[in-house]
Amino acid sequence: MEKGNEKYNKVLNLLRKSTPLLNSTGDIENEVLIRIKKINQSGVNLSEVIDFLFGWVYIGWVRRSLIAAAMALVVIFVYQQGVILKRIEVLSRQTIIINNGNAASSSDEIDKFLTQFRNSGHRFPSMNITISESQMKELQESFKEMQIKYKDLENIIEGDPDLKKLIEKKLIENNRTKINL
Amino acid sequence: MIDLQLIEECKCGNFNNFRKLVELSSPFAYSVAFRMLGDEDQAKDVVQETMVTIWEKLKKIKTAEVYKTWIYRVVVNKCYDEMRRRKRNPEFVTDEQSWKLISNRISEGPSAALENNETSRIIRILTEKLSPRQKAVFVLSELEGMSNDEISGITGISKSAVKANLYHARKTISQRVEKYL
């Protein structure tokens with residue numbers, strides 16, 4: 001290693017002694033002046049305009065402040081997203097309480113009721129029934145399914161007069177209220 | 001000698017004074033560029049571009065000391081750009097002849113000073129494994145004889161980073177010298 005250092009120092013001394021010689025200073029001067037004159041002739045110096053508009057970004061403390069502000073914004077954004085996601089999760093698990101005695105009779109009413117339930121923050125003042133959001137959805141789907149089945153049944157009965165008469169007769173026999181088909 | 005008066009006169013748009021400034025600044029700008037790039041033509045291009053940039057930003061210079069630091073900084077940055085371009089189109093390959101040249105020159109003793117083309121070959125072969133930053137620190141510290149504070153001001157990296165880069169550069173070059181010479 002010492003031998004290496006010795007050689008390193010020798011090479012270094014050689015390079016230090018051999019200062020690069022610039023023979024054509026005049027050529028460089030002429031070339032530089034030609035380029036400068038071209039820039040001046042082109043009228044508005046683009047780099048000056050850019051410097052005027054954005055030169056402030058090269059100021060050290062401004063750069064550092066901008067970086068800090070950008071990082072703070074990113075942190076705030078991530079934090080907010082986290083809070084929102086957490087809140088959504090809590091809301092979806094939250095139980096709801098309903099004291100509305102009137103049963104909804106159509107899907108529109110069910111939808112209205114759900115909207116009202118969501119807008120009220122899943123809360124109703126006095127409590128009789130306690131159901132969750134998922135149960136509410138299940139109920140809505142069951143209701144729609146039942147409506148479809150009821151319509152199918154109605155169509156079958158309407159399409160078969162004998163069946164209709166038979167059902168009416170049976171209902172009268174059982175002293176039940178007549179169904180208005 | 002570059003003084004503030006000359007810079008102030010150049011700020012007024014006097015081309016003759018700027019020619020004088022180019023004449024005074026070119027040698028040391030060329031020295032750094034040549035030692036970093038190891039190529040005469042590329043170093044001249046860098047000097048030209050540097051002087052055009054200096055002309056454009058001359059109004060911001062307040063003292064002669066700042067001017068010198070600034071010109072070094074512009075040169076180093078232009079060299080980085082050139083090295084990046086070169087990295088995309090690599091053309092230099094280590095050859096045994098270059099190592100022989102170094103060996104011969106060292107054995108010739110302290111009187112020998114190299115010509116530009118020999119210097120460029122030696123610099124390129126010695127620094128080909130260094131990163132651009134290590135190369136800049138090596139050239140400014142070991143060949144241009146600048147202090148760590150000055151290098152830190154020019155390259156924009158911390159003093160500890162300057163020391164670390166210099167340590168790695170010396171180690172890499174020593175190992176190569178020990179291996180090939």
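Convention: sequence-line order gives letters A, B, ...; per-chain numbering from 1.
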Is there a side-chain contact between B:Phe18 and A:Glu29 in this structure, where contact means two heavy atoms from C-beta onward sitting under 4.5 Å apart?
no

For B:Arg35 versus A:Ser18, what's the shortest heavy-atom pair and its separation?
NH2-O, 3.8 Å

Which heavy atom of B:Ser26 sits nearest to which heavy atom of A:Ile28, and what is that distance?
OG-CG2, 4.0 Å

Around atom NZ of B:Lys159, are there more than 12 heavy atoms of other residues, nucleotides or ligands at under 6.0 Å?
no

Bottom line for A:Arg16: the part with an atom under 4.5 Å from chain B's heavy atoms is both

Does the side chain of B:Phe34 reach to within under 4.5 Å of the side chain of A:Leu22, using non-hydrogen atoms?
no

Non-hydrogen atoms of chain B under 4.5 Å away: do they reach the side chain of A:Leu15, the backbone, both or neither?
both

If two hydrophobic side chains count as joined below 4.5 Å and joins carry through other members, does A:Tyr79 share a cluster with A:Ile76?
no

A:Leu163-A:Leu171 co-clustered via ILVMFWY side chain contacts under 4.5 Å:
yes

Taking B:Ile71 as the starting point, is it possible to reach B:Val66 by hopping between hydrophobic residues whose side chains are less than 4.5 Å apart?
no

Heavy-atom cut-off 4.5 Å, strictly under: side chain, backbone, both or neither for B:Leu126 against chain A?
side chain

When B:Glu49, B:Glu144, B:Lys179, B:Glu40 are compared by non-hydrogen pairs under 4.5 Å with chain A, the top option
B:Glu49

Distance col, row B:Phe28:CZ vs A:Thr19:OG1, nearest 0.5 angstrom, shows 14.0 Å

I want to check something: taking the side chain as every heavy atom from C-beta on, are A:Lys7 and B:Glu178 in contact at a cut-off of under 4.5 Å?
no

ILVMFWY cluster, A:Trp61 and A:Trp56 together (side-chain gap under 4.5 Å):
yes

Would you kindly confirm whether A:Ile167 and A:Ile156 end up in one hydrophobic cluster when ILVMFWY residues are joined by side chain heavy atoms under 4.5 Å apart?
yes

Test item: B:Val22 and A:Leu33 side chains (from C-beta on) under 4.5 Å apart, heavy atoms:
no

Would you mind telling me which of B:Ala43, B:Ser31, B:Pro27 has the largest number of heavy-atom pairs within less than 4.5 Å of chain A?
B:Ser31

Which bit of B:Leu143 is near chain A, if near means a heavy-atom gap under 4.5 Å: side chain, backbone, both or neither?
both

Under 4.5 Å from any heavy atom of chain B, what part of A:Thr25 do you find: side chain, backbone, both or neither?
side chain

So for B:Lys60, is it side chain, backbone, both, or neither that comes closer than 4.5 Å to the heavy atoms of chain A?
side chain

Run the side-chain contact (heavy atoms from CB on, under 4.5 Å) test on B:Glu56 and A:Ile36 for me, step by step, so that the C-alpha distance in whole Å, both residues' side-chain angles and the decisive distance to 0.1 Å come before the verdict.
CA-CA 8 Å; B:Glu56 287 171 349; A:Ile36 288 169; over 6 Å; no

So do A:Lys10 and B:Val177 actually touch side chain to side chain, heavy atoms under 4.5 Å?
no

Within a 6.0 Å radius of atom CZ on B:Phe15, are there more than 12 heavy atoms belonging to other residues, nucleotides or ligands?
yes

First locate atom CH2 of B:Trp55, then atom CZ of A:Arg35, and finally report the distance between them rounded to the nearest 0.5 Å.
14.5 Å

Would you say the side-chain atoms of A:Tyr8 and B:Glu142 include a donor-acceptor pair closer than 3.5 Å?
yes

